[in-house]
Amino acid sequence: MPRSQSPKESVLVLGGARSGKSTYALQRAQEWNGRLVYLATAEAKDEEMKKRISRHRTQRRGRRWVTVEEPIEVVWQLKELDDSVGGVVLDCVTLWVSNALLTGQRDALESQVAELVEELPLFPFHFLAVSNEVGLGLVPDNPLGREYRDLLGAVNQQLAKACKEVLFLAAGLPMKLKG
């Protein structure tokens, strides 16, 4: 992938479920020039999810968008993009972490996150990642739930440190945390 030193936006959008994160991310990305890539980590494992994914494609993203579905190898997909891409929305980190954890790929995920943090300033496109903030709720009642919460929290912290801007959404309203 060609590398650029030009200043590009790198944004992390955090919030709870249904807080407006994805809507905000898509609207924000429309400001960027060039082709837009929606890097989806969701998997259509049941009928409800298949319908949800289809609805998102047709109703929420227009023709400027190219959808790339990748549940685990996110960084590889990002590194395959070229400078014809104006921006990427990674939606969402929450499912990326879950997918890796549930398939026994925690170590690979941690390596990918470290690589993403290192590569982020070199991407020739704008980058916006969407993730849930799961640390505001109850402590999960089982070991897997606690491992997931802890891992996602660590990934969010690494991305927040690496991104130039961090926002927290509540009820569709963005609050700037950084940048």
Side-chain angles (χ1 to χ4, degrees), residues 10-28 38-57 59-61 67-78 88-120 127-179:
S10 56
V11 183
L12 175 62
V13 176
L14 298 166
R18 309 306 300 165
S19 63
K21 300 178 304 293
S22 295
T23 299
Y24 175 87
L26 293 173
Q27 290 172 347
R28 173 84 178 256
Y38 185 85
L39 182 49
T41 59
E43 294 182 281
K45 293 185 175 183
D46 58 45
E47 282 307 310
E48 185 271 337
M49 197 61 171
K50 287 177 186 173
K51 288 177 184 175
R52 183 182 290 246
I53 289 170
S54 176
R55 188 172 54 248
H56 278 244
R57 273 195 191 136
Q59 295 176 3
R60 296 181 71 184
R61 297 188 297 273
T67 300
V68 176
E69 295 178 355
E70 177 51 58
I72 297 185
E73 297 294 331
V74 168
V75 176
W76 180 83
Q77 289 290 340
L78 289 167
V88 174
V89 172
L90 169 59
D91 194 0
C92 70
V93 174
T94 313
L95 288 173
W96 181 31
V97 170
S98 175
N99 295 339
L101 190 60
L102 293 175
T103 57
Q105 298 184 55
R106 180 185 177 138
D107 291 344
L109 172 79
E110 290 173 339
S111 294
Q112 276 195 72
V113 171
E115 186 175 2
L116 176 56
V117 165
E118 185 178 307
E119 294 282 324
L120 192 57
F127 175 80
L128 190 151
V130 174
S131 188
N132 283 25
E133 176 53 67
V134 295
L136 299 173
L138 299 172
V139 174
D141 67 349
N142 61 75
L144 180 60
R146 290 187 294 275
E147 181 181 9
Y148 172 72
R149 179 212 49 202
D150 295 347
L151 181 57
L152 181 58
V155 169
N156 283 345
Q157 288 181 47
Q158 290 172 69
L159 290 175
K161 186 175 180 181
C163 286
K164 294 176 187 174
E165 185 177 358
V166 180
L167 300 160
F168 183 83
L169 263 81
L173 302 173
M175 296 175 277
K176 190 170 280 205
L177 302 178
K178 177 183 174 184

Does [X] reach the side chain of [Y], with side-chain heavy atoms less than 4.5 Å apart?
X    : Y    : result
L144 : L101 : yes
R28  : E165 : yes
V155 : V93  : yes
F127 : L39  : no

Interatomic distance, [X] atom [atom1] to [Y] atom [atom2] [nearest 0.5 angstrom]:
X    : Y    : atom1 : atom2 : result
L128 : C163 : CG    : SG    : 8.0 Å
R146 : D141 : CZ    : CG    : 7.5 Å
L90  : L159 : CG    : CG    : 8.0 Å
T94  : N156 : OG1   : CG    : 6.5 Å
E70  : L78  : CD    : CG    : 10.0 Å
L12  : L177 : CG    : CG    : 9.0 Å

Do you know which two heavy atoms are closest between [X] and [Y], and how far apart they sit?
X    : Y    : value
G16  : N132 : C-ND2, 4.4 Å
G15  : F168 : CA-CE1, 3.8 Å
Q112 : W96  : OE1-CZ2, 3.6 Å
K178 : A162 : NZ-N, 4.4 Å

Q | side chain to side chain contact (heavy atoms under 4.5 Å, CB included) between Y148 and N142, worked out | A | CA-CA 10 Å; Y148 172 72; N142 61 75; over 6 Å; no
Q: Kindly check if the number of other-residue, nucleotide or ligand heavy atoms within 6.0 Å of NZ (K161) is above 12?
A: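 At most 12 heavy atoms, drawn from other residues, nucleotides or ligands, come within 6.0 Å of this atom.
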(Q) I'd like to know whether CG of L138 has more than 12 heavy-atom contacts from other residues, nucleotides or ligands below 6.0 angstrom. (A) no
Backbone N or O of [Y] within a donor-acceptor pair of the [X] side chain at under 3.5 Å?
X    : Y    : value
K21  : L169 : no
E133 : L14  : no
T67  : Y38  : no

Q) Knowing that exactly one of T41, L109, N99 qualifies, which makes a side chain to side chain contact (heavy atoms under 4.5 Å, CB included) with I72? A)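 Only match with I72 under side chain to side chain contact (heavy atoms under 4.5 Å, CB included): N99.
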